[in-house]
Student: 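Before I ask anything, let me first share the structure, which is written out below as structure tokens.
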Amino acid sequence: MIKVSIVGARGRMGSHVVEAVKAAEDMELSLTLDAGDDLTQITAENTDVVVEFTVPSVTLDNVLTLVGQGVDVVVGTTGWTEGRLAQVREALEATANELQSVFIAPNFAISAVLADHFARLAAPYFESAEVVELHHPDKVDAPSGTAIHTAQGIGEARAKAGLGPVPDNTQTDGGSRGQVVDGVHVHAVRLRGLNAHEEVLFGNAGEQLTIRADSFDRGSFMPGVLLAVRKVNSGDFPGLTVGLDHFLDL
Ligand SMILES: NC(=O)c1ccc[n+]([C@@H]2O[C@H](COP(=O)([O-])OP(=O)(O)OC[C@H]3O[C@@H](n4cnc5c(N)ncnc54)[C@H](O)[C@@H]3O)[C@@H](O)[C@H]2O)c1
Ligand SMILES: O=C(O)C1=N[C@H](C(=O)O)CCC1
């Protein structure tokens, strides 16, 4: 049995993870912690893998504490930058256990992971590319971690293909053109009734490709979370891994 503790257990995602772990035949729920709780209660004796779904402002500190506690960590919280990822890598390198791992996924839903993958494949073939993400209005960060990851993938694929900047003759902009991530404009919509959605728009003269992923329910993230717990617990992914695509045969 894989002993799983959850940090952020009272949140929208954390509470779903609690139920998913309880229902998984190969896992047992250990500690369920939230804001104000002492994370050093989590040890290698009571926990194999921690699942962390909190808020962007605290996730780095939580992960560093948990790495120090000697446990593997699966992180769904957003807010990761290259600088923050580097701190996690350093912390892992400093541990005695070479197999210890941290896994971070911008999105655990298979639809979103595939949309991201397909967007990278499509990117070299289109002059224009923009990302639109649409979420529930309780979300605290914009744009979504998924949209940033998708835009970074498109930017990388465009650069590899030798494409120049996307065409854009905007002369005045009060903010309507969105945030530019690696040369790709990213737009965020917040609307009651929505959960988590993303549209990637590609354009050439006379044609358009739209790739869209919709998570209508938080249950859609749970198979990916459980897969990640099993993969990090296997010891096959030491160090830091970012993105569920690493666990899929794409
Ligand atoms: N990777 C994915 O597939 C995926 C899917 C959905 C949401 N998310 C991300 O997960 C994060 C959480 O989303 P949510 O909708 O569950 O948010 P939420 O606000 O419902 O839950 C966050 C929880 O973290 C707790 N918390 C705050 N500070 C804490 C601390 N220092 N230690 C422990 N717990 C603390 C809060 O009390 C709350 O219970 C967000 O960053 C969101 O973007 C990722
Ligand atoms: O509901 C959220 O918050 C979500 N956050 C992640 C993101 O920012 O990409 C994943 C989708 C849901």
Side-chain angles (χ1 to χ4, degrees), residues 5-20 31-42 47 50-66 69 73-81 84 102-116 119 131-153 179 181 186-200 212-229 232 241-248:
S5 289
I6 296 161
V7 174
R10 287 202 299 269
R12 287 179 289 268
M13 285 298 291
S15 54
H16 272 77
V17 178
V18 168
E19 295 311 315
L31 300 174
T32 54
L33 304 183
D34 204 279
D37 292 332
D38 180 2
L39 295 197
T40 63
Q41 291 175 73
I42 296 175
T47 301
V50 176
V51 179
E52 206 268 9
F53 274 101
T54 60
V55 286
S57 55
V58 304
T59 185
L60 173 63
D61 282 350
N62 283 352
V63 171
L64 295 179
T65 300
L66 293 166
Q69 292 300 105
V73 193
V74 167
V75 186
T77 315
T78 47
W80 292 92
T81 59
R84 288 171 171 221
V102 172
F103 172 75
I104 300 175
N107 204 305
F108 284 99
I110 186 71
S111 54
V113 177
L114 288 176
D116 200 77
V131 178
V132 185
E133 56 94 331
L134 310 90
H135 282 82
H136 60 89
D138 301 315
K139 184 167 176 55
V140 296
D141 55 322
S144 69
T146 308
I148 293 171
H149 191 69
T150 304
Q152 288 170 337
Q179 180 176 333
V181 177
V186 179
H187 311 267
V189 175
R190 297 290 174 265
L191 210 65
R192 186 65 73 203
L194 293 181
N195 184 33
H197 316 260
E198 181 175 283
E199 236 174 57
V200 189
R212 181 169 171 121
D214 294 281
S215 271
F216 299 113
D217 188 275
R218 291 190 177 84
S220 61
F221 302 115
M222 294 307 120
V225 172
L226 298 184
L227 174 69
V229 168
V232 301
T241 305
V242 179
L244 201 74
D245 49 311
H246 291 280
F247 300 154
L248 305 173

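When a ligand or atom number is given, it counts from 1 through the structure's own listing order.
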Student: Closest heavy-atom contact between His135 and Ser144?
Tutor: CE1-CB, 3.5 Å
Student: Can you report which non-hydrogen protein atom sits closest to atom 43 (O) of ligand 1, along with the distance?
Tutor: Lys139 NZ, 2.9 Å
Student: So, Asp138 and Arg192, do they make that salt bridge, N to O below 4.0 Å?
Tutor: yes
Student: Nearest to atom 3 (O) of ligand 1, what protein heavy atom do you find, and at what distance?
Tutor: Phe108 N, 2.8 Å
Student: Counting from 1, what ligand 2 atoms have a heavy atom of Asn107 closer than 4.0 Å?
Tutor: 10 (C), 11 (C)
Student: Please lay out, stage by stage, how His16 and Phe221 fare under the test side chain to side chain contact (heavy atoms under 4.5 Å, CB included).
Tutor: CA-CA 9 Å; His16 272 77; Phe221 302 115; over 6 Å; no
Student: Enumerate the atoms of ligand 1 whose separation from the nearest heavy atom of Gly8 is less than 4.0 angstrom.
Tutor: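 Within the 4.0 Å cut-off of Gly8, ligand 1 contributes 24 (O), 34 (N).
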Student: State, to 0.1 Å, how close Val242 and Asp245 come at their nearest heavy-atom pair, and which atoms those are.
Tutor: O-OD1, 4.3 Å
Student: Considering only protein heavy atoms, which is closest to atom 32 (N) of ligand 1, and at what distance to one decimal place?
Tutor: Asn62 ND2, 3.7 Å
Student: Does Val7 reach ligand 1, in the sense of a heavy atom lying below 4.0 Å from it?
Tutor: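 It does, in that a heavy atom of Val7 comes within the 4.0 Å cut-off of ligand 1.
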Student: Could you check which of His135, His149, Met13 puts a non-hydrogen atom nearest to atom 11 (C) of ligand 2?
Tutor: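 Result: the heavy atom closest to atom 11 (C) of ligand 2 is in His135.
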Student: For ligand 1, is any non-hydrogen atom under 4.0 Å from Ala105's backbone (N, CA, C, O), its side chain (CB onward), both, or neither?
Tutor: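 The answer is the backbone.
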Student: Return yes or no for this condition: an N or O of Lys139 is under 3.5 Å from an N or O of ligand 2.
Tutor: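 N/O-N/O distance under 3.5 Å: yes.
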Student: Backbone N or O of Pro106 within a donor-acceptor pair of the Thr146 side chain at under 3.5 Å?
Tutor: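 Judged by distance alone, yes, a pair lies under 3.5 Å.
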Student: Heavy atoms only: give me the nearest Ile148-Pro143 pair and the separation to one decimal.
Tutor: CG1-CG, 3.8 Å
Student: So which heavy atom in the protein is nearest atom 41 (O) of ligand 1, and how far is it from that ligand atom?
Tutor: Thr78 OG1, 2.8 Å
Student: Going by atom types only, do Thr150 and Glu198 share a side-chain donor-acceptor pair under 3.5 Å?
Tutor: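 Side chains of Thr150 and Glu198: pair found under 3.5 Å.
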Student: From the options Val113, Leu244, Val17, select the one residue that forms a side chain to side chain contact (heavy atoms under 4.5 Å, CB included) with Phe108.
Tutor: Leu244
Student: Grab the two heavy atoms, one from Val50 and one from Val7, that are nearest each other, plus how far apart they are.
Tutor: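 Taking every non-hydrogen atom into account, CG1-CG2, 3.7 Å.
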Student: Let me see the working for Leu134 and Leu191 under side chain to side chain contact (heavy atoms under 4.5 Å, CB included), right down to the final yes or no.
Tutor: CA-CA 7 Å; Leu134 310 90; Leu191 210 65; over 6 Å; no
Student: If you measure every N/O of Arg12 against every N/O of ligand 1, is any gap under 3.5 Å?
Tutor: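 Yes, at least one N or O pair falls under 3.5 Å.
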Student: Which protein heavy atom lies closest to atom 24 (O) of ligand 1, and at what distance to 0.1 Å?
Tutor: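 Result for atom 24 (O) of ligand 1: Thr54 CA, 3.4 Å.
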Student: Test Phe216 against Asn195 for side chain to side chain contact (heavy atoms under 4.5 Å, CB included), laying out the working first.
Tutor: CA-CA 6 Å; Phe216 299 113; Asn195 184 33; 5.7 Å; no
Student: Near Thr78, which atoms of ligand 2 are under 4.0 Å from a heavy atom of that residue?
Tutor: 6 (C), 7 (C), 8 (O)
Student: Between the main-chain N or O of Ala112 and the side-chain N or O of Ser215, is there a donor-acceptor pair closer than 3.5 Å?
Tutor: no
Student: List the closest protein heavy-atom neighbour of atom 10 (O) of ligand 1: residue, atom name, distance to the nearest 0.1 Å.
Tutor: Phe53 CD2, 3.3 Å
Student: Can you tell me how far apart CG (Leu39) and CG (Asn62) are? Round to the nearest 0.5 Å.
Tutor: 5.0 Å
Student: Heavy-atom pairs closer than 4.0 Å: do any link ligand 1 to the side chain of Phe221, the backbone, both, or neither?
Tutor: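 Answer for Phe221: side chain.
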Student: Show the atoms of ligand 2 that are less than 4.0 angstrom away from any heavy atom in Ala196.
Tutor: 11 (C), 12 (C)
Student: Heavy atom under 4.0 Å from ligand 2: found in Thr146's side chain, backbone, both, or neither?
Tutor: both
Student: For Gly145, is at least one N or O under 3.5 Å away from an N or O on ligand 2?
Tutor: yes
Student: For Ala112, which part has a heavy atom under 4.0 Å from ligand 2: side chain, backbone, both, or neither?
Tutor: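 Neither part.
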Student: Working to the nearest 0.5 Å, report the span between CD of Glu133 and CD of Glu199.
Tutor: 12.0 Å
Student: If every non-hydrogen atom of Thr77 is compared with every non-hydrogen atom of Glu52, which pair is closest and at what distance?
Tutor: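 Closest approach of Thr77 to Glu52: OG1-OE1, 2.5 Å.
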Student: Say you draw a straight line from CG of Leu114 to CG of Leu248; how long is it, rounded to the nearest 0.5 Å?
Tutor: 7.0 Å
Student: What protein heavy atom sits nearest atom 16 (O) of ligand 1, and how far away is it?
Tutor: Met13 N, 2.8 Å
Student: When you measure from atom 21 (O) of ligand 1 to every protein heavy atom, which one gives the shortest distance, and what is it?
Tutor: Gly11 CA, 3.3 Å
Student: So if I count the atoms of ligand 1 from 1 in the order they appear, which ones are less than 4.0 Å from some heavy atom of Asn107?
Tutor: 1 (N), 2 (C), 3 (O)
Student: Report the C-alpha distance between Asp214 and His197 in whole Å, list the side-chain angles of each, state the deciding distance to 0.1 Å, and finish with yes or no for side chain to side chain donor-acceptor pair (under 3.5 Å).
Tutor: CA-CA 4 Å; Asp214 294 281; His197 316 260; 2.7 Å; yes
Student: Taking a cutoff of less than 4.0 Å between a non-hydrogen atom of the residue and any ligand atom, is Pro106 in contact with ligand 1?
Tutor: yes
Student: Under 4.0 Å from any heavy atom of Val58, which atoms of ligand 1 are there?
Tutor: 28 (N), 29 (C), 30 (C), 31 (N)
Student: Would His136 count as a polar contact of ligand 2, with the cut-off being nitrogen or oxygen pairs under 3.5 Å?
Tutor: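 Yes - when backbone and side-chain N and O of His136 are compared with those of ligand 2, one distance drops under 3.5 Å.
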Student: Looking at Pro106, which atoms of ligand 2 are within less than 4.0 Å of one of its heavy atoms?
Tutor: 6 (C), 9 (O), 10 (C)
Student: Return yes or no for this condition: an N or O of Val55 is under 3.5 Å from an N or O of ligand 1.
Tutor: no
Student: Nearest heavy atom to atom 29 (C) of ligand 1: which of Ala35, Gly14, Gly76, Pro56 does it belong to?
Tutor: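 Result: the heavy atom closest to atom 29 (C) of ligand 1 is in Ala35.
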Student: Under 4.0 Å, heavy-atom basis, I'd like to know which part of Ser144 is in contact with ligand 2: side chain, backbone, both or neither.
Tutor: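 The part of Ser144 near ligand 2 is both the backbone and the side chain.
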Student: If you measure from atom 39 (O) of ligand 1 to every heavy atom of Thr65, Asp34, Leu33, Val225, which option wins on shortest distance?
Tutor: Asp34
